[in-house]
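Everything on this sheet refers to the single structure shown next.
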Protein chains: 2
Amino acid sequence: MAERQPHTKTPATDRELQAARERFVSLWGQMGSSWGIPRTMAEVHALLFIVGRPMNTDELMAGLGISRGNASMTLRSLTEWGIVSRTRQRGDRKEYFEAEQDVWKLFRTILRERKKREVDPLLEALHSCRDAVRPKEGRKIGPEAGEAEEMVARIDQMLEFMHMIEAISRRFIGPDGEGLETAARLLGRAS
Amino acid sequence: MAERQPHTKTPATDRELQAARERFVSLWGQMGSSWGIPRTMAEVHALLFIVGRPMNTDELMAGLGISRGNASMTLRSLTEWGIVSRTRQRGDRKEYFEAEQDVWKLFRTILRERKKREVDPLLEALHSCRDAVRPKEGRKIGPEAGEAEEMVARIDQMLEFMHMIEAISRRFIGPDGEGLETAARLLGRAS
DNA sequence: GCCTGTTTTCAGAAAATTCTGAATATTCAG
DNA sequence: CTGAATATTCAGAATTTTCTGAAAACAGGC
């Protein structure tokens with residue numbers, strides 16, 4: 001005790017703000033990286049989100065200590081994902097980027113995109129995998145018949161589950177769907 | 001074409017079965033690795049799941065071409081996650097492992113576990129991050145007041161969203177919850 | 001066209017993650 | 001308790017992923 005000046009009850013000093021921003025960025029980056037999203041990509045998004053206004057490449061590079069190349073590629077991914085958009089600032093030739101500010105929309109987009117990129121291809125592959133073992137005729141003959149049948153049953157169980165999820169997500173996550181909010185409302189209800 | 005004997009309409013040859021198994025394992029491994037789960041861990045789980053019976057460490061090592069150390073550590077993670085369990089085979093000193101076969105239960109467990117390990121700590125950290133900038137008094141004075149307020153609002157939006165998810169998951173994913181199936185049923189309903 | 005400021009690309013460097021294998025520990029039968 | 005079988009650990013190796021930076025491409029303005 002001492003040192004720290006007691007001065008006023010300013011809501012938050014500039015330094016505190018800055019520190020909190022960095023904390024947020026780093027938390028978000030860590031979360032991203034544990035869910036298979038490159039840490040820097042999550043951090044760029046976090047910074048744009050928390051700052052809440054468009055930033056240009058140089059500001060991002062400086063703010064996160066990353067290279068121009070990295071910034072460029074990361075921003076491209078983020079715009080392809082649809083959670084960051086390019087804008088222009090009049091009187092400045094640089095490009096500016098800003099993050100989607102609506103959290104519901106943000107997660108909806110992320111879920112939709114991941115489904116499209118990762119789940120859908122898996123589903124298709126699983127189907128073809130199943131069809132490769134499923135008996136072509138209705139008749140079972142070989143000694144492997146039983147084993148094959150069990151395996152098909154297991155894959156089917158998996159597929160059935162994933163199709164259920166698919167149907168739900170088409171309804172709530174899809175581009176023309178009812179939105180995550182509706183889903184949350186339904187789930188929040190009594191029974 | 002020749003070579004391949006036309007012989008009978010056996011549902012699936014041993015070789016086909018084997019190939020499909022490997023395909024499944026590799027698909028699952030890939031999916032896992034794009035969601036931040038070590039490829040081998042997902043593969044071990046996939047193999048146990050698709051095979052549907054307990055396997056010992058040596059079988060797994062041979063089946064996936066991994067080292068004993070890797071197998072040991074991976075199996076430990078999987079049992080800690082609660083989606084693989086140890087069993088003993090009478091008359092054999094080796095330990096055997098088998099995967100949860102109920103897909104709903106499987107995903108429920110995975111979701112619960114990831115929430116516990118990744119989301120909950122994030123939530124707590126976000127709270128403390130928010131509290132660090134929130135004006136201590138009801139009064140706003142400094143020049144940063146506005147900026148700080150906006151930032152708190154953004155974090156709050158995020159927290160609000162996550163708490164909603166939390167509440168839902170406590171209800172459907174939690175150990176004593178109603179289960180994913182109920183959630184799916186609710187979401188599948190008309191409106 | 002040419003010049004200037006800006007963005008993109010991508011081969012190789014750096015970093016992070018995952019895996020191996022030999023040493024160590026454990027378990028259990030006798 | 002002893003010894004054989006099995007399981008775990010962890011430092012360093014191998015691999016995969018991510019990042020850098022300099023060269024190339026682009027976009028206006030003149």
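Quick note on labels: first sequence line is chain A, next is B, and so on, each numbered from 1.
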Point to revise | Side-chain donor or acceptor of B:Thr74 paired with backbone N/O of B:Ala71 under 3.5 Å | key: no
Checklist entry - Do side-chain atoms of B:Arg130 reach the backbone of B:Val152 as a donor and acceptor pair under 3.5 angstrom? => result no
Roughly, in whole Å, what's the span from [atom1] in [X] to [atom2] in [N]?
X: A:Asp58; N: C:dT8; atom1: CG; atom2: C1'; answer: 14 Å
X: B:Lys94; N: C:dC28; atom1: NZ; atom2: C1'; answer: 15 Å
X: A:Asn56; N: C:dT6; atom1: CG; atom2: C1'; answer: 11 Å
X: B:Met61; N: C:dA22; atom1: CE; atom2: C1'; answer: 13 Å
X: B:Leu75; N: D:dA7; atom1: CG; atom2: C1'; answer: 11 Å
X: A:Glu43; N: C:dA16; atom1: CD; atom2: C1'; answer: 14 Å

Fill in: B:Arg21 with A:Glu147: basic N within carboxylate O range, under 4.0 Å
yes
Reading nucleotides 8-30 of chain D from 5' to 3' and marking B where a protein heavy atom lies under 4.0 Å of the base, S where only the sugar-phosphate is that close, and - otherwise, the string is BBB-------SSBB-----B---
Is any side-chain heavy atom of B:Leu123 closer than 4.5 Å to a side-chain heavy atom of B:Glu166?
yes
B:Asp58 meets the salt bridge (Lys or Arg N to Asp or Glu O under 4.0 Å) criterion, sequence neighbours left out, with B:Arg68
Between A:Trp28 and A:Glu43, do the side chains contain a donor N or O and an acceptor N or O under 3.5 Å apart?
no
